[in-house]
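Per chain, numbering begins at 1; letters A, B, ... match sequence-line order. Since this is a predicted model, take the numbers as computed values, not measurements.
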Amino acid sequence: MSRYDHTQVEPKWQAAWAEAGAFTARRDPARPKYYVLEMFPYPSGRIHMGHVRNYTMGDVIARYKSSAGFSVLHPMGWDAFGMPAENAAMATGGHPKTWTYNNIAVMRDQMKPLGLSIDWSREFATCDPEYYGQQQAMFLDFLEKGLVYRKNAVVNWDPVDMTVLANEQVIDGCGWRSGAPVERRELTQWFFRISEYSDELLSALDGLENWPEKVRTMQANWIGKSRGLQFSFDLTAPAGDIDAIEVYTTRPDTLMGASFVGISADHPLARQLEAGREDVAAFCAECRQMGTSEADMEKAEKKGFDTGLRVRHPLDPSWELPVWIANFILMDYGTGAVFACPAHDQRDLDFARKYDLPVKNAFFLPGEDTPVGTEALVPAKSETVRFADHFAGIAETTGEAAVEATIRFAETAGWGRGVENYRLRDWGLSRQRYWGCPIPVVHCDSCGVVPERKENLPVLLPDDVSFDVPGNPLDRHPTWRDCACPSCGAPARRETDTMDTFVDSSWYYARFTAPRATTPTDAEDAAYWMNVDQYIGGIEHAILHLLYSRFFARAMNICGHLPDSAREPFDALFTQGMVTHAIYLTRNAEGRPVYHYPEEVESRDGRTVLTETGAEVEVIPSAKMSKSKNNVVDPLNIIRDFGADTARWFILSDSPPERDVEWTASGAEAAFRHLQRVWRLADDVRQRAEEAGAAGPSDEDRALEKATHRAIAEVTAGIEGFAFNTSVARLYAFTTTVAKSQASVPAKAAAMRVMAQLISPMTPHLAEEIWTMLGGTGLVAQAPWPEADPAMLVEDTITLPIQINGKKRSELQVPPDMPKAEIEKIALADPAVQKALGGGSPKKLIVVPGRIVNVVV
RNA sequence: GCGGGCGUGGUGGAAUGGUAGACACAGGAGACUUAAAAUCUCCAGGCGCAAGCCGUGCGGGUUCGAGUCCCGCCGCCCGUACCA
């Protein structure tokens with residue numbers, strides 16, 4: 001028997017698509033456009049199953065939309081700047097540029113056999129000077145519009161390697177290479193004014209109806225709009241030139257429960273005390289011996305230091321509160337100072353108990369008067385509570401009302417004001433690293449910070465750098481820093497900081513619309529192709545990348561690089577799950593895990609064992625693929641053994657796209673068998689078509705035709721609804737239907753041509769092959785998507801389940817349009833219902849036509 | 001710590017508040033074959049001979065009816081601003 005040979009078929013059709021230019025995106029005024037984009041990959045060196053999943057999903061959409069008559073843009077590029085290239089250079093002595101471009105070449109070669117409908121002519125890497133040069137031009141535009149500025153900010157400093165560390169390079173408070181405790185150090189850095197747009201970025205979330213609710217919620221919480229009271233605590237005695245501490249609180253109604261005022265170790269007051277007092281300096285130094293990561297700070301033990309200073313309570317000048325420096329207060333949020341109310345905040349309470357500070361209830365639950373013990377009383381703001389002191393004329397009311405009353409009270413009395421505050425901070429883009437986009441400014445002794453002239457762009461990264469010592473090679477380069485001031489012409493120094501790689505990925509989607517333009521974008525191309533109609537990527541990018549991109553599109557619009565309609569660049573977003581795989585491990589003599597490759601284990605008598613030794617293996621199902629755990633499945637092996645279509649089919653089949661999918665060898669084999677079966681079916685029909693003449697239409701033909709239309713409707717609904725796994729399930733069922741059908745050969749051929757079309761977004765090579773075998777015209781990739789005839793979807797009878805007290809006990813076969821009264825009559829006559837009623841009448845009878853009957857007895 | 005999400009048979013999963021387990025994997029039985037592979041047919045949530053009972057992480061609640069909605073737990077995953 002002949003078999004489907006993917007090694008022949010897949011390259012053949014890839015060549016045919018290329019020759020037809022099937023995936024070249026063209027501006028076509030006659031057709032609606034559709035821009036589908038998957039988050040572009042970091043060129044780590046090899047593609048993995050996560051890439052296969054991401055790009056296959058996008059490809060399904062791209063191919064489907066193309067068939068549905070859209071002019072499709074489906075590009076691919078490389079997020080190519082970043083730390084791993086420098087780490088590789090340090091580890092192996094190569095150059096980040098060589099490493100990166102080699103990786104890109106390898107990964108491109110690995111991706112092409114997947115048969116993705118990508119317009120490769122638009123490919124670029126963010127480390128191409130043509131790309132980062134345009135990014136530098138935009139930076140200058142942003143600078144001109146006041147969207148970028150400089151200020152001081154803290155970084156993780158490794159005092160041994162004398163270099164700035166990323167948060168992920170800080171492990172348990174120490175540098176990953178040196179092992180030395182990190183310090184926080186302040187540097188002057190560049191910032192984008194994203195916080196100016198907090199309100200717009202927040203309110204515009206409402207319009208993103210085709211974004212997952214969870215992503216919108218996460219972004220809203222991240223932006224963190226709050227309303228509260230800002231006011232000052234006066235120091236009982238001034239410390240230097242500071243005589244008050246400004247605080248912001250969202251719970252001013254707890255003011256009468258205040259226990260102490262806490263300030264950040266970076267607060268101006270702390271700095272001032274630090275200069276003159278060793279004990280304060282020691283504590284602040286300890287606070288700074290912690291990385292800058294929020295998670296680390298929050299999880300660290302809460303520590304404080306009593307400065308000995310005291311402030312007066314704004315409502316009672318005789319009430320004095322101590323001022324503490326605390327390690328969990330961020331200088332970047334609010335005013336860098338808070339007042340603590342231990343009775344109504346668990347963190348404050350833990351702190352107060354630890355340092356034996358007073359705990360006083362501001363309010364109680366109605367009808368209670370037990371003071372807080374070890375658990376803070378934190379009712380929802382909407383809940384009514386009884387206030388202990390009626391300071392703002394509030395007695396028993398909700399937290400919300402009390403907050404507003406307190407703000408009004410403070411404003412009237414003139415000691416505080418209601419303000420809106422955002423958690424979102426400005427975006428620090430400076431990186432003290434080599435492998436990134438140089439920030440195109442110059443430092444001149446007489447002119448200060450001067451933007452580079454646009455005609456001098458791109459400011460190219462020098463190639464002659466070494467990574468044998470830690471730190472930024474741009475800083476120690478013998479000549480690169482030297483330049484002439486663009487303003488006065490005197491000798492000056494280039495900025496040696498490069499840009500955060502989030503900058504690169506904040507506008508690549510716009511660049512794809514005109515990747516070779518000599519300006520960042522081309523107005524006509526941007527107007528035609530923007531917005532991205534469907535963006536697909538991992539949930540890990542829910543906040544930073546997507547928020548920065550939303551800001552960037554606005555900034556680009558302000559500078560004339562994007563039309564007004566593209567201020568919100570992604571119309572629809574889909575976040576896909578991870579690809580996981582079982583981990584197989586045994587234990588060595590010390591009980592440490594030893595990880596085994598999937599090929600090293602097999603199943604014997606229901607147990608999993610090492611093939612070689614027969615030793616029993618522990619199996620951890622569904623773990624994230626990780627090189628160190630030896631559970632990575634290489635897509636190339638799958639493509640070699642089974643073909644790209646099998647990999648694509650499997651990765652779509654088993655799990656809903658938004659959830660994690662577990663790669664299993666048996667699942668991949670099953671996918672392969674199914675594709676073989678589809679091919680055999682087509683081959684069988686082709687052979688019999690040559691033998692047999694056409695017969696007249698029969699009931700079997702009609703039944704197959706109805707099944708075909710049902711398949712069209714269901715598969716299409718699955719694709720439209722991003723439920724590719726259900727489309728796949730329908731296609732399995734449709735295959736069985738065709739195989740078992742006794743319909744005539746022409747009817748079966750027609751069904752199989754529709755099959756070819758329906759599978760074409762998922763398994764495009766097999767689709768082309770059987771389309772051609774069965775006499776389809778041209779490429780199936782260019783054939784119009786089939787439409788289901790609604791008349792063919794109507795059923796003659798439907799099954800109506802009968803429940804008794806909500807449990808299914810029987811069922812009826814009825815015409816779909818049977819009136820309610822008649823259904824009731826038949827249902828009550830049903831033997832199971834009769835038995836349950838026992839001669840009586842039902843308490844209640846619910847009939848949902850076309851759905852269900854429920855008899856309550 | 002905080003914010004967000006997820007949890008259904010041996011496994012992956014399906015299910016506009018309306019028949020829980022579609023479609024597959026693994027498993028079992030059978031057909032074909034000298035045999036195996038491949039292919040095809042059938043069985044299959046748990047307990048029970050059966051009638052039936054129990055079942056969607058755990059505990060409550062709303063509803064005629066809850067996997068789905070609400071409240072509280074537990075577990076895992078993502079993010080936490082210099083990983084990308």
Side-chain angles (χ1 to χ4, degrees), chain A residues 1 3 39 41-42 44 79 81-84 155-156 164-170 189 212-215 217-222 224 291-300 302 328 332 346-347 423-433 500-502 504-505 538-545 547-548 575 577-578 580 582 603 606 621-622 624 653-656 658-662 664-667 669-671 673-674 676-677 680 723 725-726 728-733 736 739 799-803 805-811 842-846 848 850-856:
Chain A
M1 185 200 277
R3 277 168 70 96
M39 290 178 186
Y42 179 79
S44 57
D79 188 13
F81 276 134
M83 281 204 311
V155 294
N156 299 307
V164 177
L165 299 176
N167 282 337
E168 72 156 13
Q169 295 174 317
V170 179
Q189 311 206 59
E213 189 66 45
K214 61 182 170 185
V215 175
T217 306
M218 280 190 264
Q219 291 214 349
N221 289 338
W222 184 262
T292 57
S293 122
E294 188 203 304
D296 286 349
M297 286 180 66
E298 288 286 340
K299 278 187 260 185
K302 308 291 177 286
F328 57 85
D332 291 326
Q346 191 61 43
R347 189 170 63 180
R423 206 187 73 102
L424 180 64
R425 310 199 292 260
D426 276 337
W427 169 15
L429 68 118
S430 296
R431 294 294 179 271
Q432 294 70 40
R433 276 186 256 284
D500 177 9
T501 56
F502 274 124
D504 311 337
S505 56
I539 186 70
E540 66 272 22
H541 296 293
I543 296 173
L544 293 181
H545 162 61
L547 191 61
Y548 290 160
T575 56
M578 293 184 300
T580 64
S603 183
S622 301
K624 186 175 184 167
S653 68
D654 253 22
S655 287
E658 69 276 16
R659 262 206 254 176
D660 292 352
V661 62
E662 180 164 4
T664 60
S666 57
E669 283 160 25
R673 284 201 302 272
H674 174 74
Q676 291 283 348
R677 186 183 183 211
R680 281 199 310 274
N725 56 321
T726 61
V728 166
R730 286 352 309 163
L731 284 165
Y732 269 112
T736 303
T799 303
L800 209 56
I802 300 181
Q803 294 184 333
N805 293 334
K807 294 201 172 190
K808 192 202 158 194
R809 287 290 181 255
S810 183
E811 58 187 35
K843 261 194 205 151
K844 202 165 183 180
L845 183 61
I846 291 131
V848 185
R851 275 278 166 212
I852 206 157
V853 177
N854 192 10
V855 186
V856 185

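- Applying the ring pair (Phe, Tyr, Trp, His ring centres under 6.0 Å) rule to A:H541 yields the partners A:H545; only residues at least two apart in sequence or on another chain are considered.
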Is there any protein nitrogen or oxygen under 3.5 Å from a nitrogen or oxygen in nucleotides 70-74 of chain B, and what are the pairs?
none

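- Scanning for salt bridge (charged side-chain N to carboxylate O under 4.0 Å, His left out) contacts around A:R431 gives A:D500, with sequence neighbours left out.
- A:R425 is linked by a salt bridge (charged side-chain N to carboxylate O under 4.0 Å, His left out) to A:D332, counting only residues two or more places apart in sequence or in another chain.
- Looking at residues two or more places apart in sequence or on another chain, you find a side-chain contact (heavy atoms from CB on, under 4.5 Å) between A:R659 and A:P656.
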Distances under 3.5 Å only, N/O to N/O: pair up the protein atoms with those of nucleotides 44-47 of chain B.
none

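- As rounded to the nearest Å, B:C69 and B:A22 have P atoms that lie 22 Å from one another.
- With sequence neighbours excluded, no residue satisfies salt bridge (charged side-chain N to carboxylate O under 4.0 Å, His left out) with A:E168.
- Between A:R851 and A:A729, the one whose closest nucleotide on RNA chain B sits nearer the 5' end is A:R851.
- Applying the side chain to side chain donor-acceptor pair (under 3.5 Å) rule to A:E811 yields the partners A:K808; only residues at least two apart in sequence or on another chain are considered.
- Partners of A:F502 by ring pair (Phe, Tyr, Trp, His ring centres under 6.0 Å), not counting sequence neighbours, listed by chain and number: A:Y548.
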Can you pull every protein N or O that's under 3.5 Å from an N or O on nucleotides 2-6 of chain B?
residue, atom, partner, partner atom, Å
B:G3, O3', A:N221, ND2, 2.9
B:G3, O2', A:N221, ND2, 2.8

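- In secondary-structure terms, RNA chain B builds stems of at least 3 consecutive Watson-Crick or G-U pairs, each pair having both distances under 3.5 Å, at B:1-7 with B:74-80, B:10-12 with B:23-25, B:27-31 with B:39-43, B:45-47 with B:52-54, B:57-61 with B:69-73.
- Comparing A:T292 and A:F81 along RNA chain B, the residue whose closest nucleotide (by nearest heavy atom) sits nearer the 5' end is A:T292.
- Residues that satisfy the salt bridge (charged side-chain N to carboxylate O under 4.0 Å, His left out) test with A:E298, not counting sequence neighbours, are A:R347.
- Nucleotide B:U63 holds its P atom 16 Å from the CG atom of A:N805, rounded to whole Å.
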